[in-house]
Amino acid sequence: MTDPRPPRSRTAAVPQGRARRLLHFGRAVGELAAGAAAEGLSRLARGQMPQVSRMVLTPGNARRLATRLSQLRGAAMKFGQLMSMDGHGVLPPQFTELLGGLRDRAHVMPASQLAEVLEREYGVGWHRRFRSFSFEPIAAASIGQVHRAVTHDGRELALKIQYPGVRESIDSDVSNLALLAKTPGLVPSGLDPAPLFERVRRVLHQETDYVAEARALTEYRERLGADELFVVPEVDAEHSTASILATSFQPGEAIDRLAEPGVPQAHRDRIAHALCRLVVREIFELRLVQTDPNFANYLYDAKTQRVALLDFGATQTVSLQRVEHLRALGRAMRDQDQDAMSRAARRAGFIAESDPPEQARQVVDLILMIGEPLAQDRLFDFAASELFKRSFEAGRDQYFGSGFSHAPPPDLVFLQRKMVGVFMLCTRLKARVNLARLFGEQL
């Protein structure tokens, strides 16, 4: 029998159709403009000269944008997640923190809309498939929400159920996001974000293809093999469809709960070391990277002291050529060699031949700064280090100052996003990891 209780989370039907979604985007632009105008007037009243970027990137605008994107879900919410995962890049910490709620706290479908999706995918009388089904989602994100179910033979499943209309709205949503990105102050005038938006569009089509995700999950599970710490759920083909991905249920809670008082430092260090080592293995050995580093994608089970890896919709393969590019970048970081870094950054695509010399030098300096831990054979204290603050300030000044003539290669943006996300998690855990030794094994 099913559980008819309505979700306790914020509910909102997923807007469907290009016109309805465009209306929400228009409201988002209007809210950003109104918030920026109010901030500008406030600064003028205090005798300050307002800057466009500081007028737009305010906590108030972040709250309004997060609410609007959470209601839209789909490509719109994924955009907000990407902005929130910027970490110590170019956005103010308060802005990314408020948008961070988009990582695992979307609005959820009302029970009536959820039932329509289940009936469409499983047919009339869908509830007879299960001994029990909980209408209360255990997670809600940009593409779908997850529900717990138990089969008649006692298997516990996690059902990731795709929001209706999300797949069909991707192309129009990305076009609307490109218009939103033209809001003054969000993106430097000299930077063309079109390649990155195209990559987001392709990744979203990939993430909404649950058949492809099932294959990626199975392949990742096979490549990882038996592991003392990490566990990967198993696909349940019997209850999977084009819009529902069924996997074995993995118990646990969000891994950042390990940051709570009372968790021994040694235990936090062990988990953080394993997470960093996994990233290294994904890139250099498995050549298969789960590029979505949301904290909610790591579930820690206190009973087994193991970590479940979830959500393989954004899994990305890494070519042998890209592996060599990354090795060259890593060696230059380790040696703090400017000439080697300049050559490696050009080969990888961080620097173009047409880039002005001063801008190219700033890119090299920024990458070398980020790579300082690779040059120091000792524990890197994520919580105590000023590195992220310094790199944030340097990146922000360049982003809104001289800017960038082109965006980095999209595949590197997503790999970088994965690393930044894991390092953010290590910071949340106040962990200490010898990154030089971890990466040194592959350089």
Side-chain angles (χ1 to χ4, degrees), residues 78 81-82 84-87 96-97 100-106 137-146 148 156 158 160 207 213 216-218 220-221 223-235 245 247-260 263-283 286 288-316 382-383 414-433 435 438:
K78 180 62 69 173
Q81 290 177 336
L82 287 170
S84 76
M85 291 308 297
D86 165 81
T96 56
E97 182 178 352
L102 292 172
R103 295 176 204 160
D104 57 358
R105 293 194 300 276
I138 55 179
S142 58
I143 303 300
Q145 59 192 50
V146 182
R148 188 173 183 176
E156 288 189 274
K160 185 162 73 168
E207 289 195 33
E213 180 177 354
L217 191 162
T218 300
Y220 188 100
R221 177 185 167 92
R223 291 196 190 186
L224 181 65
D227 192 280
E228 292 183 358
L229 180 65
F230 296 111
V231 58
V232 179
E234 186 174 4
V235 173
L245 178 58
T247 65
S248 55
F249 177 81
Q250 300 298 326
E253 56 187 5
I255 197 169
D256 57 334
R257 294 286 298 274
L258 292 174
E260 295 178 352
V263 179
Q265 179 72 50
H267 188 54
R268 287 182 277 118
D269 290 348
R270 170 178 170 268
I271 297 296
H273 178 277
L275 290 169
C276 292
R277 184 174 183 275
L278 180 63
V279 174
V280 174
R281 285 196 64 200
E282 284 183 330
I283 294 173
L286 307 183
L288 191 65
V289 182
Q290 193 276 69
T291 64
D292 187 349
N294 289 345
F295 297 170
N297 289 341
Y298 304 96
L299 288 184
Y300 179 74
D301 186 352
K303 291 183 179 179
T304 63
Q305 296 192 347
R306 301 184 76 190
V307 177
L309 305 176
L310 309 178
D311 197 339
F312 290 82
T315 304
Q316 175 178 304
F382 282 90
F414 280 82
L415 292 179
Q416 177 182 341
R417 176 176 176 245
K418 173 62 178 281
M419 290 189 191
V420 169
V422 171
F423 291 164
M424 287 174 62
L425 179 52
C426 292
T427 302
R428 179 74 65 86
L429 298 179
K430 297 181 175 63
R432 302 169 305 182
V433 179
L435 295 174
L438 270 180

Value rounded to 0.5 Å, distance of [atom1] in [X] from [atom2] in [Y]:
X	Y	atom1	atom2	value
Gln290	Leu224	CD	CG	12.0 Å
Ile283	Gln316	CD1	CD	9.5 Å
Leu310	Asn297	CG	CG	6.0 Å
His273	Leu438	NE2	CG	4.0 Å
Leu229	Leu278	CG	CG	9.0 Å
Leu217	Leu245	CG	CG	7.0 Å

Is the backbone of [Y] close enough, under 3.5 Å, to the side chain of [X] for a donor and an acceptor to pair up by distance?
X	Y	answer
Glu253	Ala302	no
Arg223	Leu286	yes
Ser248	Glu234	yes

Handout entry: Basic-acidic side-chain contact under 4.0 Å: Glu228, Arg306
Key = no
Handout entry: Note: Arg417-Asp292 ion pair, threshold 4.0 Å (strictly below)
Key = yes
Handout entry: Audit row: Val231, Leu309, side chain to side chain contact (heavy atoms under 4.5 Å, CB included) steps and yes/no
Key = CA-CA 6 Å; Val231 58; Leu309 305 176; over 6 Å; no
Heavy-atom check, side chain of [X] versus side chain of [Y], under 4.5 Å:
X	Y	answer
Val289	Thr315	no
Ile255	Val307	yes
Phe382	Arg432	no
Leu275	Val279	no
Tyr298	Val422	yes
Pro233	Phe249	no
Arg268	Lys430	yes

Least distance between heavy atoms, [X] atom then [Y] atom:
X	Y	result
Asp311	Glu213	OD1-OE2, 3.7 Å
Ala216	Leu288	O-CD2, 4.5 Å
Asp269	Ala431	OD1-CA, 3.4 Å

Exercise for the section: Show your working on side chain to side chain contact (heavy atoms under 4.5 Å, CB included) between Arg281 and Asp227 and close with a plain yes or no. Expected result: CA-CA 12 Å; Arg281 285 196 64 200; Asp227 192 280; 4.0 Å; yes
Practice task
Give the C-alpha distance, both sets of side-chain angles, the deciding distance and a yes or no for side chain to side chain contact (heavy atoms under 4.5 Å, CB included) between Tyr220 and Glu282.
Solution key: CA-CA 9 Å; Tyr220 188 100; Glu282 284 183 330; 2.6 Å; yes
Handout entry: Within 6.0 angstrom of Arg221 CZ, more than 12 heavy atoms from elsewhere
Key = yes
Problem - Verdict with supporting geometry, Asp301 and Gln305, side-chain hydrogen bond (donor to acceptor under 3.5 Å, both in side chains) - result: CA-CA 5 Å; Asp301 186 352; Gln305 296 192 347; over 6 Å; no
Exercise for the section: May I ask you to check if Arg257 and Tyr300 form a cation-pi contact, with NZ or CZ under 6.0 angstrom from the six-membered ring centre and within 45° of the axis? Expected result: no
Exercise for the section: Starting from the C-alpha separation in whole Å, work towards a yes-or-no answer on side chain to side chain contact (heavy atoms under 4.5 Å, CB included) for Phe312 and Thr218. Expected result: CA-CA 9 Å; Phe312 290 82; Thr218 300; over 6 Å; no
